[in-house]
Amino acid sequence: MRNVCIAGNWKMNMTPSEGAAFAKALAEAVKDATVRVVVAPPFVTIASVVEAVDGSVIEVGAQNMSDQLSGAYTGEVSAPMLKETGVSIVILGHSERRALYGETDAFINRKVKLALEQDLDVILCVGETLEEREAGKLEEVLKRQVVEGLRDISAQSMARIIVAYEPVWAIGTGKTATPDDANSAHAFIRSEIDKLYGKSVAESLIIQYGGSVKPSNVKDLMAMEHIDGALVGGASLSVEQFAPIVRYNV
Ligand code: 13P
């Protein structure tokens, strides 16, 4: 049995005070959770959420970080800053970063390496656009994002990596990939990891599904062999929605 991780990506929502109040209510609602639970607030909201979830089951993640350690990089936030603030895991390569801010696989790979060097776990996001899927390029795109995103990452470091499969066309659209479609994409990702690192790394890798995950579809998704968690956007902003997702098996 693989471990399970359910993470909430708050995107650009929740001020520091809103985030703290929300996180306190969420911590209470998921205190009996049996899976790894992560919330990823915006940078300025991280510190108040770290304080609010102290002593609870909730871990705090970041949604992004700089590909540099320190220096003249206006507007950027470094891995050591995140670490010192109480972050344990960072989301990298989200499709919104790729599409809206031009992040390339090589750039994302630099961040993955830096995060690991700084002792942060990583959620590496991959996923195809509708255009790519319709052009029959699903596997080509996933393979490129996995191989390039993980370039020069050792088998040992893979224990700190989670891969999130987020088909771009399912994000925030209300369209979820069917459990079978998601499962076959996950199986493909796992087979690529097997080619790169061998069976034991591939079998223990957590692969999350992301894209319109809700209380109503989480059980069917989590029942699939290769789906080991969820990366949740919109539904992670409400305790009524996110708590039942985290507690899907309780
Ligand atoms: P939604 O759950 O809002 O579709 O967002 C998914 C996502 O992008 C999580 O990173």
Side-chain angles (χ1 to χ4, degrees), residues 2-3 5 7 9 40 61-69 79 89-171 177 180-211 224-231:
R2 277 183 287 275
N3 293 329
C5 176
N9 174 7
Q63 300 171 19
N64 184 27
M65 59 169 235
S66 173
D67 68 323
Q68 302 292 328
L69 264 186
I89 185 165
V90 58
I91 300 170
L92 296 174
H94 191 278
S95 63
E96 286 151 16
R97 303 290 325 166
R98 294 178 190 261
L100 304 173
Y101 302 99
E103 295 200 4
T104 62
D105 289 311
F107 185 64
I108 293 159
N109 176 247
R110 284 213 296 280
K111 298 189 194 197
V112 173
K113 286 192 277 199
L114 202 54
L116 294 171
E117 277 164 30
Q118 297 298 311
D119 221 21
L120 290 166
D121 293 350
V122 169
I123 297 176
L124 172 66
C125 300
V126 300
E128 81 289 1
T129 62
L130 189 57
E131 200 181 11
E132 288 163 340
R133 173 172 276 256
E134 285 176 347
K137 292 189 175 154
L138 170 66
E139 295 193 345
E140 177 189 325
V141 169
L142 293 182
K143 178 174 180 154
R144 191 199 71 230
Q145 292 176 340
V146 167
V147 170
E148 298 303 325
L150 296 175
R151 190 168 287 286
D152 300 328
I153 304 302
S154 70
Q156 202 189 353
S157 296
M158 285 302 292
R160 307 203 65 157
I161 303 259
I162 291 172
V163 173
Y165 170 61
E166 298 205 308
V168 178
W169 47 271
I171 296 178
D180 282 329
D181 279 350
N183 192 54
S184 68
H186 285 221
F188 174 76
I189 292 167
R190 204 177 300 287
S191 72
E192 289 303 309
I193 297 293
D194 188 342
K195 282 189 210 155
L196 291 171
Y197 296 101
K199 198 168 177 56
S200 121
V201 169
E203 281 306 314
S204 49
L205 177 74
I206 296 177
I207 307 179
Q208 295 175 320
Y209 169 77
M224 305 307 292
E225 180 186 353
H226 293 286
I227 301 183
D228 318 307
L231 182 54

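By the 4.5 Å heavy-atom criterion applied to side chains, Arg97 and Ile108 are not counted as neighbours. Side-chain contact between Leu150 and Tyr197: present, with at least one pair of heavy atoms (C-beta onward) separated by less than 4.5 Å. By the 4.5 Å heavy-atom criterion applied to side chains, His94 and Ile171 are counted as neighbours. No side-chain heavy atom of Ile207 sits less than 4.5 Å from a side-chain heavy atom of Ile193. Under the 4.5 Å side-chain criterion, counting only non-hydrogen atoms from C-beta, Asp228 is in contact with Arg190. Inter-residue side-chain proximity for Gln118 and Met65 is flagged as unmet; no heavy-atom pair is nearer than 4.5 Å.
Arg110 forms no cation-pi arrangement with Phe107, by the criterion of a distance under 6.0 Å to the ring centre and an angle within 45° of the ring axis.
Taken from CZ in Arg133 to CG in Leu130, the straight-line distance is 8.5 Å, to the nearest 0.5 Å. With rounding to the nearest 0.5 Å, the separation of NZ in Lys137 from OG1 in Thr129 is 9.0 Å. Atom CD1 of residue Ile91 and atom CD of residue Glu96 lie 10.0 Å apart, to the nearest 0.5 angstrom. Atom CG in Asn109 sits 5.5 Å away from atom CD1 in Ile153 (nearest 0.5 Å). The OG atom of Ser184 sits 10.0 Å away from the CD1 atom of Ile189 when rounded to the nearest 0.5 Å. How far CG of Asp181 is from CE of Met224: 9.5 Å, rounded to the nearest 0.5 Å.
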Inset, instruction - Evaluate the side chain to side chain contact (heavy atoms under 4.5 Å, CB included) criterion for residues Leu196 and Met158: first the C-alpha distance (whole Å), next the side-chain angles of each, then the deciding distance (0.1 Å), finally the verdict. - result: CA-CA 11 Å; Leu196 291 171; Met158 285 302 292; over 6 Å; no
Legend entry - Trace of the side chain to side chain contact (heavy atoms under 4.5 Å, CB included) decision for Leu231 with Ile162: CA-CA 10 Å; Leu231 182 54; Ile162 291 172; over 6 Å; no
Inset, instruction - Would you please test Asn9 and Ile123 for side chain to side chain contact (heavy atoms under 4.5 Å, CB included) and show each step? - result: CA-CA 11 Å; Asn9 174 7; Ile123 297 176; over 6 Å; no
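Looking only at atom types and distance, the side chain of Trp169 has a donor-acceptor partner in the side chain of Glu128 under 3.5 Å away.
Using modelled atom types, one side-chain atom of Gln208 and one backbone atom of Cys5 make a donor-acceptor pair closer than 3.5 Å. In this structure a side-chain-to-backbone donor-acceptor pair under 3.5 Å is present from Gln63 to Ala40. The backbone N or O of Gly93 lies less than 3.5 Å from a partner atom in the side chain of Arg98, making a donor-acceptor pair. Side-chain atoms of Glu225 do not come within 3.5 Å of backbone N or O of Asn183 as any donor-acceptor pair.
The heavy-atom pair separating Leu120 from Ala79 by the smallest distance is CD1-CB, 3.9 Å. Contact detail for Ile227 and Ala182: the closest heavy-atom pair is CD1-CB, 3.8 Å. Closest approach of Val168 and Gly127 over heavy atoms only: CG2-O, 4.1 Å. For the pair Gly211 and Glu166, the tightest heavy-atom approach, listed with the atom from each and the gap, is N-OE2, 4.4 Å.
In Lys113, the NZ atom is crowded: over 12 heavy atoms of neighbouring residues, nucleotides or ligands sit closer than 6.0 Å.
A salt bridge does not link Asp194 to Lys199: none of the charged side-chain nitrogens sits closer than 4.0 Å to a carboxylate oxygen. A salt bridge is defined here as a Lys NZ or Arg NE, NH1 or NH2 lying under 4.0 Å from an Asp or Glu carboxylate O, and Lys143 with Glu140 fails to meet this definition.
Each of Leu92, Asp121, Leu116 was evaluated against Ile161; a single residue qualifies, Leu116, per the side-chain contact (heavy atoms from CB on, under 4.5 Å) test. Here the options are Arg151, Gln145, Arg144, the test is side-chain hydrogen bond (donor to acceptor under 3.5 Å, both in side chains), and the partner is Asp105; only Arg144 passes. Arg160 pairs with exactly one of Ile89, Asp119, Val122 by the side-chain contact (heavy atoms from CB on, under 4.5 Å) rule, that one being Asp119.
Ring pair His186/Tyr165 is perpendicular by interplanar angle, where above 60° counts as perpendicular and below 30° as parallel.
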